[in-house]
Structures are given as structure tokens and as C-alpha cells.
Amino acid sequence: MLEMRHLVSGAAGFIGSHLCDRLLADGGEVVALDNLITGSERNIEHLSGKPKFTYRKFDVTKPIEEGGKFDQVWHLASLASPKFYLAYPIETLESGSTATRNMLEIARRDGARFLITSTSECYGDPLEHPQVETYWGNVNPVGLRSCYDESKRYAEALTMAYHRTHGVRTNIARIFNTYGPRMALDDGRVVPAFMDQALRGQPLTVFGDGLQTRSFCYVSDMVEGLVRLANSEERFPVNLGNPVELTMLEFAERISRLVGIKGQIVHQPLPSDDPKRRQPDIAKAKKVLGWEPKVALEDGLRETVAYFKTRLTTA
Ligand code: UDP
């Protein structure tokens with residue numbers, strides 16, 4: 001395999017750090033950027049000192065002056081948790097817009113391939129179920145979540161424009177809920193929240209009636225999907241996620257059982273515009289990439305609980 005030189009934004013984040021592991025394992029060279037607004041150097045500290053790995057604390061909303069020629073640009077920098085994008089709406093809009101443009105410019109400069117991690121939030125609170133890539137979504141353009149949804153929709157449009165106008169070889173991954181080791185404990189998303197609460201013996205905070213659904217994909221499956229997508233000729237968005245759909249009440253029960261507690265639940269208000277149902281249709285990924293998730297929820301959750309246990313004892 002040819003040695004590839006990769007530029008990764010959001011490299012100290014949850015998925016970004018696992019992607020760096022994979023690219024290095026495949027023999028690539030990685031230049032990793034992160035402004036640490038939500039990422040953590042802890043996620044990549046095991047890579048420091050590796051000859052093919054360079055990390056720079058850098059905010060990709062600023063013009064990128066990274067020299068040398070890249071073969072592949074990965075734009076993962078994003079505030080993906082509702083807790084953080086609600087706290088930093090302007091930075092979130094910037095990471096979808098200015099940062100995407102800066103990363104695309106590097107791909108254009110170098111004739112590199114470009115992949116952006118977009119989101120199932122492009123479908124908003126979907127009126128079609130499961131969500132197929134050809135569904136255009138049901139997004140509130142001025143709601144609290146719009147900073148995330150609309151900037152990702154803009155990022156997709158910008159990516160297509162760079163492909164159509166400048167011939168950049170682009171890919172768009174629409175990532176559905178993903179979980180695994182290296183999620184931040186204070187991330188606010190349901191996986192770390194429930195696990196943290198269960199491991200501390202506290203009641204699990206179910207928002208609303210808990211009948212809203214999500215589908216959870218383990219991070220190793222997600223990284224495999226991203227790598228396959230980057231190697232494909234598909235320019236339009238591709239859903240990547242696990243189609244197994246659960247209500248948040250069912251999910252709370254699963255996590256309680258896994259941690260071995262009785263699992264009390266407290267209901268808290270549902271955040272505004274919280275999607276009621278979310279499940280990827282992955283027929284396109286199966287067909288175009290030959291990809292589907294391999295890790296069963298039970299196994300992935302067990303790995304993740306083990307990680308959070310060590311985090312709680314070392315935090
Ligand atoms: N949720 C919950 N309790 C929590 C955190 C989240 O019930 O402590 C719910 C949230 O309302 C949503 C689902 O879990 O319906 C997934 O939320 P998350 O923040 O993980 O990501 P989202 O899919 O909304 O982007």
C-alpha cells in the first residue's frame with residue numbers, strides 16, 4: 001500500500017483519535033490538529049513520539065498553513081454534543097462553515113481527497129423513518145440546535161460545491177449516534193451520561209418520556225466505514241450508523257443491567273427540538289462500501305463501561 005499523508009482536524013476528539021490510530025496502523029503519516037475546545041490530549045497521548053505522528057494544537061477556523069503535500073484531508077473538527085454546541089453556538093457554526101472551507105482549501109491546494117463527517121442531524125426531527133440519504137430532512141433553521149444542523153448542511157453544500165467547481169475528490173459521511181472509549185465523561189451525551197450515573201450509583205436522567213429513539217454504532221465500526229468511504233468514488237452523502245433502534249428508556253435499562261445496578265430513573269425536561277426517532281437506513285453503505293456494523297451493542301457497551309470505569313478511578 002502506498003504511504004498516505006493525512007491531515008486530520010478534530011484529531012484529539014473521540015472519533016478523530018480512533019481514526020488517527022487506524023491511519024497510523026495502516027502505515028500512513030498523520031498530521032493531527034485540534035483546538036481542544038471539546039477534544040482532549042489524553043486521547044492521543046499514546047501516539048506522541050511515534051515518528052509518523054505530528055500533533056499541533058490549532059484552531060482550523062484560522063487559515064491553515066500546514067506545509068508539505070497531503071494525500072487525504074479529514075475534517076472531523078466539530079462540537080458534536082448538544083451540550084457543547086448549545087454552549088458554543090457561534091464556534092459550532094464556524095466549524096461547519098469557515099473551518100470546512102479552510103480544510104477544503106488544503107485539499108484543493110494539494111489535489112488531495114477530502115472527507116467530512118457530517119451528521120444525522122441534517123435530517124432534523126425527521127418525518128420519514130428510517131432516514132435514507134435522499135430524504136431532505138425537517139430542520140428548524142432558527143431553533144437552538146440550528147447552529148449544528150444548519151452548519152453541517154452548509155458544510156455538505158460547500159463540499160459539493162468544491163467538488164463540482166474545483167473537482168476536489170470529496171466524500172460526505174452522515175454519522176449517526178456513535179459511542180465507545182474516549183468519549184468525554186462530561187460530554188452530556190446519553191452514553192457517557194448514563195454510564196457515569198450508573199457507575200456512581202446515581203439515578204439515570206431520562207429526558208422527556210424516554211420514548212424517543214436512537215441507534216448506536218460502535219466506534220471501530222464507524223472508523224471502518226469512514227476509511228471505506230474515503231476510498232470510494234461516492235460523492236453524495238452516505239449514512240454510517242447502526243440500524244438497531246432503541247428507546248432511551250430501553251437504553252437506560254440495558255446500561256443499568258450491564259453495570260449491575262437496579263437503575264433508578266429520573267425524568268428531566270426534553271431539550272428543545274430533540275428528534276423523536278432516529279435510525280439510519282444503511283442500504284447505500286452496504287451496497288457502495290460493502291460496509292455494515294459488526295460489533296453487537298452488548299459487546300460495544302461492555303468495552304465502553306470498562307473504559308469509563310478506568311476514567312472514574314483515574315479522574
Ligand atoms: N438523553 C437523555 N438523558 C441524558 C442525555 C440525553 O435521555 O442524560 C436523550 C436525549 O434527549 C436524546 C438522546 O438521549 O433523545 C440522545 O441524546 P444525545 O445527547 O446523546 O445525542 P443526540 O442524538 O440528541 O444528538
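Atoms within a ligand are numbered from 1 in the order they appear, just like the ligands themselves. Note that this is a predicted model, so its numbers are computed, not measured.
- Within the listing of ligand 1, atoms 11 (O) sit less than 4.0 angstrom from a heavy atom of P271.
- Not one N or O of Y85 is nearer than 3.5 Å to an N or O of ligand 1, by distance alone.
- Shown in contact with E121 at under 4.0 Å from a heavy atom are these atoms of ligand 1, numbered in order with element: 25 (O).
- When hydrogens are left out, the protein atom nearest atom 10 (C) of ligand 1 is D274 OD2, 3.3 Å; that is the closest non-hydrogen contact.
- A heavy-atom distance below 4.5 Å is not found between the side chains of Q72 and L7.
- With a heavy-atom cut-off of 4.0 Å, K83 does not touch ligand 1 at all.
- Under the 4.0 Å criterion applied to side-chain N and carboxylate O atoms, R145 and E150 are not assigned as salt-bridge partners.
- At least one N or O atom of V190 sits closer than 3.5 Å to an N or O atom of ligand 1.
- Cation-pi geometry between R182 and F14 is not met: the NZ or CZ atom fails to fall both under 6.0 Å from the ring centre and inside 45° of the normal.
- Distance from atom 3 (N) of ligand 1 to its nearest protein heavy atom, with residue and atom name: T205 O, 2.6 Å.
- Between R278 and ligand 1 there is a heavy-atom distance shorter than 4.0 Å.
- Of the inter-residue distances, the one linking R302 atom CZ with Y218 atom OH reads 11.0 Å to the nearest 0.5 angstrom.
- Every heavy atom of F251 sits 4.0 Å or more from the atoms of ligand 1.
- With a 4.5 Å cut-off on side-chain heavy atoms, Y55 and L47 do not count as touching.
- Contacts with ligand 1 closer than 4.0 Å are made by no heavy atom of Q268, backbone or side chain.
- Crowding of E65 atom CD: a count of heavy atoms from other residues, nucleotides or ligands under 6.0 Å not exceeding 12.
- Interface of F194 with ligand 1, defined as ligand atoms under 4.0 Å from a residue heavy atom, comprises 3 (N).
- With respect to atom 9 (C) of ligand 1, the closest heavy atom belonging to the protein is Q212 NE2, 3.9 Å.
- Residue, atom and distance of the protein heavy atom nearest to atom 16 (C) of ligand 1 are R214 NE, 3.6 Å.
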Q) Taking it one step at a time, do M160 and R164 satisfy side chain to side chain contact (heavy atoms under 4.5 Å, CB included)? A) CA-CA 6 Å; M160 291 308 295; R164 292 180 176 125; 3.5 Å; yes

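- Looking at heavy atoms from C-beta onward, Y162 lies out of side-chain contact with F114 at the 4.5 angstrom threshold.
- No side-chain donor from either of Y179 and R189 sits under 3.5 Å from a side-chain acceptor of the other.
- Remark: the N239 side chain and the Y123 side chain contain an N/O donor-acceptor pair separated by less than 3.5 Å.
- Nearest approach of S232 to R169, heavy atoms of both residues: O-NH2, 3.5 Å.
- Taking atom 1 (N) of ligand 1 as the reference point, the nearest protein heavy-atom neighbour is F207 CD1, 3.5 Å.
- Near V206, meaning under 4.0 Å from any of its heavy atoms, are these atoms of ligand 1: 7 (O).
- The shell of residues lying under 4.0 angstrom from ligand 1, judged by heavy atoms, excludes S81.
- Hydrophobic clustering (ILVMFWY, side-chain heavy atoms < 4.5 Å, transitive): F176 and L240 are in distinct clusters.
- Of all atoms in ligand 1, numbered sequentially from 1 with element shown, those under 4.0 Å from a heavy atom of A193 are 8 (O).
- Side-chain contact annotation: D21 with H46, donor-acceptor N/O pair under 3.5 Å present.
- Of the protein's non-hydrogen atoms, the one nearest atom 13 (C) of ligand 1 is M248 SD, 3.7 Å.
- Looking from atom 25 (O) of ligand 1 to the surrounding protein, the closest heavy atom is R145 NH2, 3.3 Å.
- Close approach to G188 involves these atoms of ligand 1, each under 4.0 Å from a residue heavy atom: 5 (C).
- Among protein heavy atoms, the minimum distance from atom 21 (O) of ligand 1 is reached at N177 ND2, 3.7 Å.
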